[in-house]
Amino acid sequence: MDITANLNTKTVLEHLVFLSNKNTVAVCKELLITPQQFTDWAKLRRPIPAERLEHLSKYFLIPENMIADEKNMQKNFRC
């Protein structure tokens, strides 16, 4: 099985949660967001609000432009 093929189907947020060794619910509680909000961003249903993008960036210690594009839409993870 090719692990990198599976990684390419994940968004950056999903991959960051995986790397944090936490589950989505735990991360959402720490960020004071609902799992539904997180899912909407990860599944590209809506853009990440600027304030939330800033919090995500600080939480995961990566630049905002690595999480979302110029329209604040979630990016897909690329190996």
Side-chain angles (χ1 to χ4, degrees):
M1 177 198 248
D2 183 10
I3 271 184
T4 58
N6 189 28
L7 287 176
N8 284 330
T9 64
K10 301 287 185 191
T11 62
V12 172
L13 279 179
E14 291 169 322
H15 191 68
L16 289 170
V17 169
F18 171 77
L19 290 175
S20 73
N21 287 325
K22 298 179 183 177
N23 63 38
T24 302
V25 174
V27 170
C28 290
K29 283 182 181 180
E30 291 179 28
L31 290 169
L32 303 175
I33 60 174
T34 66
Q36 182 63 44
Q37 286 174 298
F38 184 92
T39 300
D40 285 349
W41 302 334
K43 301 297 180 192
L44 304 173
R45 292 186 195 130
R46 62 181 176 163
I48 304 169
E51 181 181 306
R52 297 296 189 188
L53 183 55
E54 182 181 344
H55 291 177
L56 290 165
S57 173
K58 288 178 181 176
Y59 181 83
F60 290 114
L61 302 173
I62 65 169
E64 292 177 18
N65 66 351
M66 290 183 75
I67 299 171
D69 64 17
E70 64 280 349
K71 294 179 183 177
N72 286 1
M73 291 301 287
Q74 172 64 203
K75 288 185 174 181
N76 285 324
F77 178 75
R78 301 270 188 241
C79 290

| message | Donor-acceptor pair, distance only, cut-off 3.5 Å: does the side chain of Asn72 make one with the backbone of Ile48? | response | yes

| field | Check: Arg45 and Met73 side chains under 4.5 Å, non-hydrogen atoms | value | no

| Where Trp41 and Arg46 come nearest, the two heavy atoms and their spacing | CD1-O, 3.6 Å

| said: Quick check on the hydrophobic clustering: are Leu16 and Leu44 connected, directly or via other members, by side-chain heavy-atom contacts under 4.5 Å? | reply: no

| field | Ser57 side chain to Leu53 backbone, donor-acceptor under 3.5 Å | value | no

| query | What distance separates Lys29 NZ from Thr24 OG1, expressed to the nearest 0.5 Å? | reply | 12.5 Å

| message | Exactly one of Leu19, Thr11, Val12 should register a side-chain contact (heavy atoms from CB on, under 4.5 Å) with His15. Which one does? | response | Leu19

| Taking every non-hydrogen atom, the tightest pair across Cys28 and Pro35 | SG-CA, 3.7 Å

| query | Is a salt bridge present between Lys58 and Glu64, judged by a nitrogen-to-oxygen distance below 4.0 Å? | reply | no

| side chain to side chain contact (heavy atoms under 4.5 Å, CB included) against Glu51, all qualifying residues, sequence neighbours excluded | His55

| Side chains of Phe60 and Leu13: does their closest heavy-atom pair fall under 4.5 Å? | yes

| Would Ile67 end up clustered with Ile33 when hydrophobic side chains under 4.5 Å apart are linked, directly or stepwise? | yes

| Note, Leu31 side chain near Leu56 side chain (heavy atom, < 4.5 Å) | yes

| task | Take Phe38 and Val25 through the side-chain contact (heavy atoms from CB on, under 4.5 Å) test and state the conclusion after the steps. | result | CA-CA 9 Å; Phe38 184 92; Val25 174; over 6 Å; no

